[in-house]
Each structure stands twice: as structure tokens, then as C-alpha cells.
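Order of listing sets the numbers, starting from 1, for every ligand and every atom in it.
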Amino acid sequence: MRLSEISGFNFADCIGNGALLTATKGDGTLNTMTVSWGQSGCLWNREVCTVYVRPQRYTFEFCESENATLTLSFFGNERKDTLNFCGTKSGRDVDKIKACDLKYTLKNGACIFEDAKITLVLKKLYDDNLRAECFTDSAPLSNYKNGDFHRAYTCEIIDVIIK
Ligand SMILES: Cc1cc2nc3c(=O)[nH]c(=O)nc-3n(C[C@H](O)[C@H](O)[C@H](O)COP(=O)(O)O)c2cc1C
């Protein structure tokens with residue numbers, strides 16, 4: 001299924017409310033974190049989305065690993081606490097999936113949470129770090145006082161799973 005086939009789905013609204021970005025390494029280990037910045041659209045004749053991960057996130061290591069598989073999971077209000085938890089705790093310190101009692105299956109390496117309303121299965125196509133010299137408006141640079149520029153991952157949405 002394609003994302004554009006889900007009537008009424010607004011990517012900006014949904015990710016703006018928080019979603020879980022989960023990256024699985026080739027060996028099946030995974031980590032998840034809350035994201036609220038990203039966009040979706042059409043690029044290279046594919047349906048894509050871009051998510052933004054700062055280098056200090058533990059999830060970054062997983063996104064960078066060879067053969068990483070990413071998913072973006074959208075939940076209902078009942079998982080608000082989970083999104084807060086996964087957006088404030090690091091997988092370096094706590095097993096967030098266990099702490100939040102998130103049940104999941106791996107489908108070809110992609111983490112599908114049982115409670116997610118919508119899961120986007122992502123295939124990395126292109127990534128690069130944002131760079132200070134490329135900003136044409138300086139206002140957003142205030143997000144990078146520590147120089148920790150996000151890495152932008154543009155991914156093909158290869159599957160959409162709706163619960
Ligand atoms: C609502 C919300 C949205 C967030 N969005 C992002 C984001 O888009 N990119 C990012 O790098 N961090 C984002 N974060 C911060 C990470 O989720 C947070 O640092 C998390 O603890 C990282 O976990 P990790 O170290 O296990 O990867 C967000 C946090 C919250 C609470």
C-alpha cells in the first residue's frame with residue numbers, strides 16, 4: 001500500500017505529534033526514539049520521507065549500520081507517555097522497548113509495533129548532514145548552537161502497514 005492511498009492521513013500533523021523512528025541492524029538488534037521533524041513526498045519517482053537524526057542519538061548508530069532497516073510508527077493518544085519516554089531516555093541507559101511494554105515483530109528486519117496504528121517501512125536511499133553554510137535563512141541555525149547538525153535520511157516508503 002502507498003501512503004498517499006490513506007485518506008485523511010496528513011504526514012506533517014502526524015509526525016508533528018511524535019512518532020517512533022526505529023532502526024534495526026543486520027543482526028536484529030534495534031533501538032527506537034521519538035521524532036517530530038520530517039516530511040514526505042515524491043522524489044526520484046518514488047514515495048519517500050525524510051527524517052532527521054542528531055549524531056549524539058543512540059539510534060544514530062543503528063541508522064548508520066550496514067543493512068539498517070528503518071520504520072516510522074504512528075500511535076494513538078494512549079501511547080503519549082511512550083512517546084515522551086522514548087524522546088527523553090536513551091537506549092544507552094534503558095531498554096525503552098521493554099520499559100514501555102512495546103510488543104513487536106520483525107518483518108524482513110523492519111520493526112512493526114503491535115500497537116502502532118500506521119507503520120511506514122523505510123529503505124534508506126540518501127543521507128547527508130545538514131551544514132551551516134547551506135542555510136539560506138539563518139533563523140533555523142538557532143537549533144544548532146552545539147553544532148550537532150541533524151543527519152537527514154531520505155528513505156523510500158516501501159510498505160505501509162495499517163492496523
Ligand atoms: C517530541 C519529541 C520529538 C523529537 N524529535 C526528534 C527528531 O526529530 N530528531 C532527533 O534527533 N531527536 C528528536 N527528539 C529527541 C530524541 O527522541 C531523544 O534525544 C531520545 O532520547 C534519543 O534516544 P536514543 O539515544 O535512544 O536514540 C525528539 C524528542 C521529543 C520528546
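Using modelled atom types, no side-chain atom of Lys123 and backbone atom of Leu70 make a donor-acceptor pair closer than 3.5 Å. At least one donor-acceptor pair under 3.5 Å links the side chain of Asp137 to the backbone N or O of Ala139. Checking side-chain atoms of Glu47 against main-chain N and O of Leu3 turns up a donor-acceptor pair under 3.5 Å.
Each of Asn31, Met33, Thr34, Val35, Ser36, Trp37, Tyr52, Val53, Arg54, Arg57, Tyr58, Thr59, Cys86, Gly87, Thr88, Lys89, Ser90, Gly91, Lys96, His150 has a non-hydrogen atom positioned under 4.0 Å from some atom of ligand 1.
By the 6.0 Å and 45° rule, Lys25 stacks over the aromatic ring of Phe62.
In terms of heavy-atom proximity, Leu83 sits nearest to Asn17 at CD1-O, 3.9 Å. Here the closest heavy-atom approach between residue Phe149 and residue Pro55 is recorded as O-CD, 3.3 Å.
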